[in-house]
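This report refers to the structure that appears directly beneath it.
The figures that follow rest on heavy atoms only: side chains count, while hydrogens, waters and symmetry mates do not. Proteins come first, then strands; the chains are lettered A, B, ... in the order of their sequence lines, and each starts at number 1.
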2 protein chains.
Amino acid sequence: MTPTCSIGEAAKATGMTTHTLRYYERIGLMPSIDREAAGRRRYSQSDLDFVGFLALLRKTGMPIREMVEFVRLMQQGDGSVADRATMLERHRSQLLVEMDELGRFMAALDAKIAFYRGRERELRHASESAGVEAEARTSDAPATTPV
Amino acid sequence: MTPTCSIGEAAKATGMTTHTLRYYERIGLMPSIDREAAGRRRYSQSDLDFVGFLALLRKTGMPIREMVEFVRLMQQGDGSVADRATMLERHRSQLLVEMDELGRFMAALDAKIAFYRGRERELRHASESAGVEAEARTSDAPATTPV
DNA sequence: CTATGACTTCGAGTGCGCTCTAAGTCAAGC
DNA sequence: GCTTGACTTAGAGCGCACTCGAAGTCATAG
């Protein structure tokens, strides 16, 4: 009664490739996908949801081996709930650090872009006001600050 | 007169390994490091600054091949300033998208953690109020919502 | 003078996360 | 019945960004 789908449909639904879905299964990230009589995989809705969860962990930078460990804990049942929550929280705090860093990198990048736009204006102005020779002249000094 | 340093000191100063500094040089990211008589590299302050800039690009997810392209543009001189600014701006906007995504992933992760902490409380409560048999009982139903 | 150790080059190796190939099975449409 | 095409497996291959090893050179300390 609960609708299931083939690996191809699951791939479309989750944005993964069939290769990746099989790969996740064989490394232990998706231990128990049902099979039809002929041996083909049938993905249930909760399987698809779980793929989504795995994608969330991956996109936030969790290494595959940690994800495997998490799934291993899941298979141990309720006794590991606290451990799993702890894992997620540790991951969360790492993610927070990375987002923080990215914020600072963004500021540095903005400064660099502003510098470049400034030089662009400078060069445009020089060539307009003094002609081609002036442009050639400005090619020296500022080029020594290429960083 | 301007102080320079060895590759080992440069590595310490920039947080890279000497291996990585040589690697960056041979793939074209640091085209012109001075050498002393015996052939050893001497890093100037602006070299170190430039390594910092490369680190910024890498940590914000720019692929090496794009960084190489950027450096190639630098070597073309002032004529490529606009192109370089454009590259940086494109990179900036990608970074913005990724930071945005991370924000949404963070929210999803928080929801998952809240769910886990809720289950933890649930389990603790069940075992405290009704004893071991109740704990065994709760091991079934919620375990079918493992995502 | 010798020994240490930081440096040099070139090329091979590593770890990660897929990604693809080859050879074969099976179900559904014509 | 035949073809098409999605599926199956095991295992190899790939792209990225380093990372390391081997063999040799050289400068400084003892």
### Message
Quiz question: going by heavy-atom distance under 3.5 Å, is there a donor-acceptor pair between the base of dT9(D) and the side chain of Arg35(A)?
### Response
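Checked by distance alone, the answer is no.
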Take the protein atom [atom1] of [X] and the nucleotide atom [atom2] of [N], then report the distance between them rounded to whole Å.
X	N	atom1	atom2	answer
Glu25(B)	dC10(C)	CD	P	11 Å
Lys12(A)	dC7(D)	NZ	C1'	13 Å
Ile27(B)	dG15(D)	CD1	C1'	14 Å
Met16(A)	dC18(C)	CE	P	7 Å
Leu29(B)	dC16(D)	CG	P	14 Å
Leu21(A)	dA6(D)	CG	P	16 Å
Met67(B)	dC16(D)	CE	C1'	13 Å
Arg58(B)	dC16(D)	CZ	P	11 Å

### Query
Over its full length, what angle do the end axes of the helix from dC1(C)-dG30(D) to dC30(C)-dG1(D) make, each axis taken from five pairs and the result rounded to 10 degrees?
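For the helix from dC1(C)-dG30(D) to dC30(C)-dG1(D), the axes at opposite ends meet at about 10°.
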side-chain N/O [X] vs [N] OP1/OP2, d < 4.0 Å:
X	N	result
Arg65(B)	dG15(D)	no
Thr20(A)	dC18(C)	no
Ser6(B)	dA6(C)	no
Arg40(B)	dC26(D)	no
Arg26(B)	dT9(C)	no
Arg41(B)	dC7(C)	no
Arg22(B)	dA17(D)	no
Tyr24(B)	dA17(D)	no

### Message
Side chain of Ile7(B) only, heavy atoms from C-beta on: which candidate in dG17(C), dC7(D), dT8(C) is closest?
### Response
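Looking only at heavy atoms from C-beta outward on Ile7(B), the closest nucleotide is dT8(C).
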#### Entry: Side chain of Tyr23(B) (C-beta onward), nearest among dC7(C), dT19(C), dC18(D)
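It is dC18(D).
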### Earlier contact from the 5' end, DNA chain D, for Thr17(B) and Arg42(A)
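Nearest-nucleotide comparison on DNA chain D picks Arg42(A).
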#### Entry: Check: Asp100(B) side chain, Val97(B) main-chain N or O, donor-acceptor pair, under 3.5 Å
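Such a contact is absent between Asp100(B) side chain and Val97(B) backbone.
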Using a strict cut-off of less than 4.0 Å between a Lys/Arg side-chain nitrogen and an Asp/Glu carboxylate oxygen, indicate whether [X] and [Y] qualify as a salt bridge.
X	Y	result
Arg42(B)	Asp47(B)	no
Glu25(B)	Arg41(B)	yes
Glu9(B)	Lys12(B)	no
Glu122(B)	Arg119(B)	no

### Query
Pick the nucleotide of DNA chain C nearest each of Ile64(A) and Gly8(B); which residue has the one closer to the 5' end?
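Counting from the 5' end, the first nearest nucleotide belongs to Gly8(B).
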### Task
Please tell me which of His19(A) and Glu36(A) maps to the more 5' nucleotide of DNA chain C, matching each residue to the nucleotide holding its nearest heavy atom.
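By nearest-heavy-atom nucleotide position, the 5'-most residue is His19(A).
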### Message
Tell me whether Arg90(B) at atom CZ has more than 12 heavy atoms from other residues, nucleotides or ligands lying less than 6.0 Å away.
### Response
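Incorrect, the count does not exceed 12.
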### Query
Listed by chain and number, what are the salt bridge (Lys or Arg N to Asp or Glu O under 4.0 Å) partners of Arg92(B), not counting sequence neighbours?
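Salt bridge (Lys or Arg N to Asp or Glu O under 4.0 Å) list for Arg92(B), sorted by chain: Asp110(A).
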#### Entry: Tyr24(A) ring center near Phe50(A) ring center (under 6.0 Å)
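No, the ring centres sit 6.0 Å or more apart.
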